[in-house]
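Report on the following structure.
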Number of protein chains: 2
Amino acid sequence: MPQVRQQPVDPCPFGPVVDLVFGRWTAHVLWVLAYHGRVRFKELQGYLPEITPKVLTERLRQLERNGLVARTYHREIPPRVEYEMTALGQSLVPVFRTLTAWSDEHLDEVQAAQRDYDREHALTGTAGGVAAEPVRARDRA
Amino acid sequence: MPQVRQQPVDPCPFGPVVDLVFGRWTAHVLWVLAYHGRVRFKELQGYLPEITPKVLTERLRQLERNGLVARTYHREIPPRVEYEMTALGQSLVPVFRTLTAWSDEHLDEVQAAQRDYDREHALTGTAGGVAAEPVRARDRA
DNA sequence: GATAGTAGTTACCAAGGAGTAAGTGACTGT
DNA sequence: ACAGTCACTTACTCCTTGGTAACTACTATC
């Protein structure tokens, strides 16, 4: 046999989860739903004022398709739509708690590291830039 | 008192962590580092053949700035650079395990939900599209 | 003198996702 | 008759991000 090249690369085993849950706005929407239970579209907008209706709709559709969120349409005038987490979505709550715990424990270390890094690289001017990492789009809001 | 509007929005408490860890390629790089320990740049490229040197460098710099990865430059010819996780980076490993566990337990449910959703919406043609969620860029590779 | 090898950097370009603004349908209240 | 409500949808623009390819420095080796 000519070179059986073992698995091309071992992909990180939670890559798909990242795509499902940690896209832009996705985690925020999920969080609100985990926190407030069954809510209407307008309510969600209230909790997430920076997200536009277009994008909110997109996220919710995506989450619905992935089975994490359930949508209930009430044929009324004016229409009423409610969103809530499914059992599958609820199963993410412990994951979120893990993330939150890590954040509580370590986020200040990260910020300290950033300060150190920026200070060091501002002095030596190694990379020429004032800040090695510009503000990311999702942070600007 | 004229309407004290409690905190504008309760931001999801792990939002910053998402920015730190779950950007494009970031988790993959971290995963390889967690798995293989101290590795050289070229090795990393071997484990992540799809990531270009430019982007790999960007990710590593970012991770270094955030204190999750340490870089060791050996003044030799040709140059040798090694990357490894810091203690802070290591502290993410349990988080990754949680994610992996969720993935192992629930990913098939997600896929089933996607199939259901697509089947349902293909029949009724509610949204007109063949697939409500096109393949995402990060999935294509 | 040409080549190889490492660890990048630089300039440029294209795609795609997010944002903006306006429209839609069906009915109710004034 | 007209504005208002809700939950979107549509058309459009823009800007970030990632990808491509070529180039750099430095030396040993052929």
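By convention in this document, chain letters (A, B, ...) are assigned in the order of the sequence lines, proteins followed by strands, and residues within each chain are numbered from 1.
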request  = Look at the side-chain N and O atoms of R75(B) and state whether any lies under 4.0 Å from the OP1 or OP2 oxygen of dC26(D).
outcome  = no
inquiry  = Of the options dA7(D), dG8(C), dG19(D), whose atoms approach the side-chain atoms of R61(B) most closely?
reply    = dG8(C)
request  = Counting heavy atoms from C-beta on, name the nucleotide in dC8(D), dG18(D), dT6(C) closest to the side chain of R40(B).
outcome  = dT6(C)
request  = Report the distance from atom CZ of R59(A) to atom C1' of dA7(D), rounded to the nearest whole Å.
outcome  = 18 Å
ask   = Counting side-chain heavy atoms from C-beta on, which of dT9(C), dC27(C), dC8(D) comes nearest to T57(B)?
value = dT9(C)
key: Separation of dA25(D) C1' from Y73(B) OH (nearest whole Å)   = 9 Å
Residue met sooner reading DNA chain D from 5', once L60(A) and I77(A) are mapped to nucleotides = I77(A)
query = So, are R40(B) and E82(B) salt-bridged, with charged N and O less than 4.0 Å apart?
reply = no
ask   = For L48(B) and dG18(D), what is the distance between atoms CG and P respectively, to the nearest whole Å?
value = 14 Å
query = Of the nucleotides dT6(C), dT9(D), dG18(D), which one has an atom closest to the side chain of V55(B)?
reply = dG18(D)
inquiry  = Just the rounded figure in Å: distance from C1' of dT20(D) to CD of E50(B).
reply    = 16 Å
message = Check this for me: does any side-chain nitrogen of one of R115(B) and D118(B) sit under 4.0 Å from a carboxylate oxygen of the other?
response = no
task = Check L63(B) against L20(B) and note the closest heavy-atom contact, atom names and distance.
result = CD2-O, 4.5 Å
request  = Check every atom of dT9(C), dC8(D), dA7(C) against the side chain of F41(B) and return the nucleotide holding the closest atom.
outcome  = dA7(C)
inquiry  = Looking at the base of dG5(C), is there any donor atom on it, or on the side chain of K42(B), that sits under 3.5 Å from an acceptor on the other one?
reply    = no
inquiry  = I'd like to know if the side chain of T26(B) and the backbone of F22(B) have a donor-acceptor N/O pair within less than 3.5 Å.
reply    = no
query = Does the base of dG19(D) carry an N or O that pairs as donor and acceptor with the side chain of K54(B) under 3.5 Å?
reply = yes
query = NE2 of H74(A) versus P of dA7(D): gap in Å, rounded?
reply = 10 Å
task = Calculate, to the nearest 0.5 Å, the distance between atoms OG1 and CG belonging to T98(A) and L92(B) respectively.
result = 11.5 Å
query = For dT5(D), does either OP1 or OP2 sit under 4.0 Å from a side-chain N or O belonging to R80(A)?
reply = no
message = If you assign E58(B) and Q45(A) each to the DNA chain D nucleotide with the nearest heavy atom, which residue ends up on the more 5' nucleotide?
response = Q45(A)
key: Presence of R71(B) side-chain N/O under 4.0 Å of dA7(C) phosphate oxygens OP1/OP2   = no
ask   = Quick one: W25(A) CH2 to dG19(C) C1', roughly how many Å, whole number?
value = 11 Å
key: d(CD, E43(B); C1', dG5(C)) in whole Å   = 15 Å
query = Quick one: I51(A) CD1 to dA18(C) C1', roughly how many Å, whole number?
reply = 10 Å
task = Check the side chains of H36(B) and E43(B) for a donor-acceptor pair under 3.5 angstrom, ignoring hydrogens and angles.
result = no
message = Can you identify which nucleotide, out of dG19(C), dC8(D), dG8(C), has its nearest atom closest to the R24(A) side chain?
response = dG19(C)
